[in-house]
Protein chains: 4
Amino acid sequence: MKATRSAAAPPEEGHTASSPAPAKSRRTAGKRNAVATRQRILEAAMAEFAEHGFSGSRIDRICAAADVNVGMIYHYFGNKNDLYLAALESSYKIIRDREQSLDVNDADPLLALRALIELTFDFLSTDPHFVRLIMNENLMMGRTAQRSATIPHMTRPLLDSLRTILKRGQKEKVFQKNIDAENLYVSILGLCFIHVSNRHTLSSMFQRDFAEPDWLAQRRLIVVDVVTSYITDKAGK
Amino acid sequence: MKATRSAAAPPEEGHTASSPAPAKSRRTAGKRNAVATRQRILEAAMAEFAEHGFSGSRIDRICAAADVNVGMIYHYFGNKNDLYLAALESSYKIIRDREQSLDVNDADPLLALRALIELTFDFLSTDPHFVRLIMNENLMMGRTAQRSATIPHMTRPLLDSLRTILKRGQKEKVFQKNIDAENLYVSILGLCFIHVSNRHTLSSMFQRDFAEPDWLAQRRLIVVDVVTSYITDKAGK
Amino acid sequence: MKATRSAAAPPEEGHTASSPAPAKSRRTAGKRNAVATRQRILEAAMAEFAEHGFSGSRIDRICAAADVNVGMIYHYFGNKNDLYLAALESSYKIIRDREQSLDVNDADPLLALRALIELTFDFLSTDPHFVRLIMNENLMMGRTAQRSATIPHMTRPLLDSLRTILKRGQKEKVFQKNIDAENLYVSILGLCFIHVSNRHTLSSMFQRDFAEPDWLAQRRLIVVDVVTSYITDKAGK
Amino acid sequence: MKATRSAAAPPEEGHTASSPAPAKSRRTAGKRNAVATRQRILEAAMAEFAEHGFSGSRIDRICAAADVNVGMIYHYFGNKNDLYLAALESSYKIIRDREQSLDVNDADPLLALRALIELTFDFLSTDPHFVRLIMNENLMMGRTAQRSATIPHMTRPLLDSLRTILKRGQKEKVFQKNIDAENLYVSILGLCFIHVSNRHTLSSMFQRDFAEPDWLAQRRLIVVDVVTSYITDKAGK
DNA sequence: GATGAATGAGTATTCATTCAT
DNA sequence: TATGAATGAATACTCATTCAT
């Protein structure tokens, strides 16, 4: 086994949690569809790992959710660790793909940046599964992400997009000169991540629900404001 | 058990994770010291829970680290859940206490705000234990923080400090008018938290170490910049 | 879990404690037989619970006796409590089934009654397992018997038999008029139960072995005498 | 240690569960009363062992009930086994003493017998503690009763009383000739014991409460009837 | 490909008992 | 006499993984 690897083998068509297969007739069908079975397992695993973390996740629950036998998981994915790797990579793929749906060239650079921020905010806020999976992976010291060859690969286009936007904004003199794309992404991520990742402890602290639609709508505006205030700051050091 | 409770019983002198007592000579000394034993367990638990999360933590490891028998944990803390509650509350107490060491009245409001940001940044970056504990608690849906009576209590002074700073800055016309203290704290936390919480996945993405002193020093300046740009933005919405 | 339930799932062919399968060749035979495994566990559990009571029983000993892995018990029976329920129900089934082997209609009512008494006496005296299981269940306040749906169900035919016998004896004017079937059964049970249930304390009191065949044979006659004297008493109150 | 022994050391004045000592001022009294402390422990132990059986009983609960420290139990009674022996002997002493309060010589032998039956019935029915203790001891194969020197000793007067009654009844030709005192006692005990010992399983079987006062009153009459029918049976074999 | 019976190593928790003070 | 901190052995239960069919 190499230093890094990818667990994503067959092309997974459609990353959403919907199972397009004729779900209930499967049992009696006799012969099953290997690709569909693998996909069902993967989707069940993504949900389970996001919900319970790696060590809290149960192979049995994944089997029940995917309606497969225990052996199938070992047949298709080898073991719990590699199944988790596959789930992690698939999750990253969803957000990275979505980011690439933005058009960074045509629009006004400020609008392009705003669109990226809003996409990130919405993606993380709408479905906490991804945030939970990332949090769990970090609690495990990123030992699985390190094994992945595809994760750094998927990051390139994102960085390229940000750099394109920044370059255009700086050229047009609406952005500060010395903004670093990586750092900017970290800031955006931090501002879009925290109320999802820390939703429950913040609720205990402030006795308020940080998933309330009204609060989220207002918060979304603030996050955009914080980033754009900074990036357009004329006094920029 | 009632709605909320606190697991912090005896006054714990010195909340840092360092054990000032001559740890290894205890066994032979024949001294029985309930308070010290309890404190040793608590500190070991804080480290273990931060390192491995709740379900990944092992009672046996805590025992070994605290150099006590298994039964002592159950004698002093009841069970793993309540030990975890005590560790969580103690951890919160450390940062909340430190925040209160700042003087919010005397200084220039911008400097006061900057000091709070830097304190938060440094506290979270220097020792990832707190961040990890909070992340784990959120992965568990905050079910333990909810049981705590002291956590919301400890938050009051922090909010009061922020409001005091904001009021003075607005009075002196250096801050925007419509900044909400709660939202401001969430922004600060997000910016100071993300490179610690997501250290490992960000490393996989960007192939760089986000705990490097140089990077941290630069990031610290940026975080202050982001917040102050926003809060002093003359175009304030 | 609902109010009452039954733990008896697959039909257990042959309720005696004997294991008809070639027990020790199973391991090497490579055969996987769920029904037989379940049955082996159940029989081992009946013996263990009878021998040591519920809390004194050890899951490990049941495993060893049934020659199965610990996990199998939890796979087939859920937990210690439910395994105990299954053992209790199976034990009751044995005596209730045996009672139904008597023919209450054809014989002389006095002979029919005598047969029931003797069957009860012999069943309880021959194998103390059942008595011990019942004693233990009562020490636990019958909390498990209460959960069983089958125990009251199995009692009906017994009561019906007794009532049939009584009715015929009263019709033929050999029995007292006002004998209550339930109370009669309690008397019979008390007279057949005590020297088994209290065997050891009675031995300490009277310094004699109450399981000696000679004593039992004599006692059997006396018990029949006591009941028939009462039931045929012409001075019946 | 000898083959048999007695754990009853200091004379226990008053075997009822009442603690005649000034209960609540004890804590502040400083110096305590050794005899009273021992007695408090013994009474708490009798209740605990009757309630939970030997292995279900907890030293800590006994301590709490007796309001003493753990060490006191080991100081006064050595260990759990010996405390249990003391509790068992004390319990037997209560019923044996009560039996001796009957006057077997003056009364009509049938009335004397009836009085003994009723005393036994009432004693066992009124307080199930004794029955539970005996049941538990038998489940433990009487291993503790065997160690007791006082239990067989206390049985002599009971047997003597029964023999006296029987002899007078046979002399007066109201009793059968061939009644054995020991066997008669076993019958009486069985009839008086069963609805207490098997209260809960009988309740599950017959769906009725066997501790109901009305049922008990009726049952008491029946038990007397059963015994006297037998003993006065003219057809006595 | 698919099933589910079987395994074994681990893990939180309990509890009688000891012992320094 | 009395206290309660400390010990260690035991015990029910979990779970990823294997393997015969």
Side-chain angles (χ1 to χ4, degrees), chain A residues 26-27 29-34 37-38 55-63 67-76 78-81 83, chain B residues 26-27 29-38 55-63 67-76 78-81 83, chain C residues 26-27 29-38 55-63 67-81 83, chain D residues 26-27 29-34 37-38 55-63 68-76 78-81 83:
Chain A
R26 240 176 335 89
R27 198 103 201 189
K31 283 276 165 178
R32 294 220 194 169
N33 184 334
T37 299
R38 209 195 111 98
S55 68
S57 287
R58 299 289 164 253
I59 293 283
D60 278 357
R61 270 199 300 252
I62 296 173
C63 291
D67 192 20
V68 296
N69 186 271
V70 207
M72 288 299 92
I73 288 188
Y74 291 88
H75 183 259
Y76 284 115
N79 58 32
K80 193 183 181 185
N81 271 291
L83 175 59
Chain B
R26 192 183 44 79
R27 199 101 190 208
K31 277 260 175 168
R32 309 279 179 114
N33 189 337
V35 176
T37 300
R38 209 194 111 99
S55 67
S57 287
R58 299 292 164 246
I59 291 284
D60 279 356
R61 272 199 299 253
I62 296 174
C63 291
D67 191 23
V68 295
N69 186 274
V70 205
M72 286 296 91
I73 288 188
Y74 292 88
H75 184 257
Y76 285 114
N79 55 34
K80 193 183 178 183
N81 272 290
L83 175 59
Chain C
R26 193 183 42 80
R27 200 100 190 208
K31 279 261 176 168
R32 307 280 178 113
N33 189 335
V35 177
T37 300
R38 209 194 112 100
S55 67
S57 286
R58 298 291 162 249
I59 292 284
D60 279 356
R61 271 198 300 250
I62 296 174
C63 291
D67 191 21
V68 296
N69 187 275
V70 205
M72 287 295 92
I73 288 189
Y74 292 88
H75 183 259
Y76 284 114
F77 294 94
N79 56 35
K80 193 182 178 185
N81 272 290
L83 176 58
Chain D
R26 238 176 336 88
R27 197 104 203 188
K31 283 277 168 179
R32 294 220 193 167
N33 184 334
T37 299
R38 209 194 110 97
S55 69
S57 287
R58 300 290 164 251
I59 292 283
D60 277 358
R61 269 199 301 253
I62 296 173
C63 291
V68 296
N69 186 273
V70 207
M72 288 298 92
I73 287 187
Y74 291 87
H75 183 260
Y76 283 115
N79 57 32
K80 194 184 180 183
N81 271 290
L83 175 59

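Computed from heavy atoms alone, side chains included, the values below leave out hydrogens, waters and symmetry copies. So you know, we letter chains A, B, ... as the sequences are listed, proteins then strands, and number each from 1.
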Is the phosphate of [N], meaning OP1 or OP2, less than 4.0 Å from a side-chain N or O of [X]?
{"X": "R58(C)", "N": "dA10(F)", "answer": "no"}
{"X": "Y74(D)", "N": "dT17(E)", "answer": "yes"}
{"X": "T37(D)", "N": "dT1(F)", "answer": "no"}
{"X": "H75(C)", "N": "dG4(E)", "answer": "no"}

Atom pair OH/CG of Y74(D) and N69(D) - distance to nearest 0.5 Å: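 Y74(D) OH to N69(D) CG: 11.5 Å, rounded to 0.5 Å.
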From R38(D) atom CZ to L83(D) atom CG, the distance as rounded to the nearest 0.5 Å: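 These two atoms lie 9.0 Å from each other.
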Any side-chain heavy-atom pair of I62(D) and V68(D) under 4.5 Å: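 A side-chain contact under 4.5 Å is absent here.
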Minimum side-chain heavy-atom gap M72(C)-F77(C) below 4.5 Å: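 No, too far: nothing below the 4.5 Å cut-off.
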Output the rounded distance in Å from [atom1] ([X]) to [atom2] ([N]).
{"X": "I62(B)", "N": "dT13(E)", "atom1": "CD1", "atom2": "C1'", "result": "14 Å"}
{"X": "L83(C)", "N": "dA12(F)", "atom1": "CG", "atom2": "P", "result": "11 Å"}
{"X": "D60(D)", "N": "dA16(E)", "atom1": "CG", "atom2": "P", "result": "7 Å"}
{"X": "I73(B)", "N": "dG8(F)", "atom1": "CD1", "atom2": "P", "result": "15 Å"}
{"X": "M72(C)", "N": "dT18(F)", "atom1": "CE", "atom2": "P", "result": "16 Å"}
{"X": "N33(C)", "N": "dA20(F)", "atom1": "CG", "atom2": "C1'", "result": "13 Å"}

Nearest to the side chain of [X] - [options]?
{"X": "N79(A)", "options": "dA16(E), dT17(F), dT1(F)", "result": "dT17(F)"}
{"X": "N69(B)", "options": "dA6(E), dT13(E), dG8(F)", "result": "dG8(F)"}
{"X": "I59(B)", "options": "dC13(F), dA2(F), dT13(E)", "result": "dT13(E)"}
{"X": "K80(C)", "options": "dC13(F), dT1(F), dT18(E)", "result": "dC13(F)"}

Whichever of S57(D) and N81(B) has its nearest DNA chain E nucleotide further upstream toward 5':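 Upstream on the strand: N81(B).
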Base paired to dT21(E) (Watson-Crick or G-U; both N/O distances under 3.5 angstrom):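 Checking every strand shown, dT21(E) finds its partner in dA2(F), with both distances under 3.5 Å.
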dA12(E) pairs with, by Watson-Crick or G-U criteria that keep both distances under 3.5 Å: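 Checking every strand shown, dA12(E) finds its partner in dT11(F), with both distances under 3.5 Å.
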Side-chain donor or acceptor of K80(C) paired with backbone N/O of S57(C) under 3.5 Å: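 Flag set: sc K80(C) to bb S57(C) pair under 3.5 Å.
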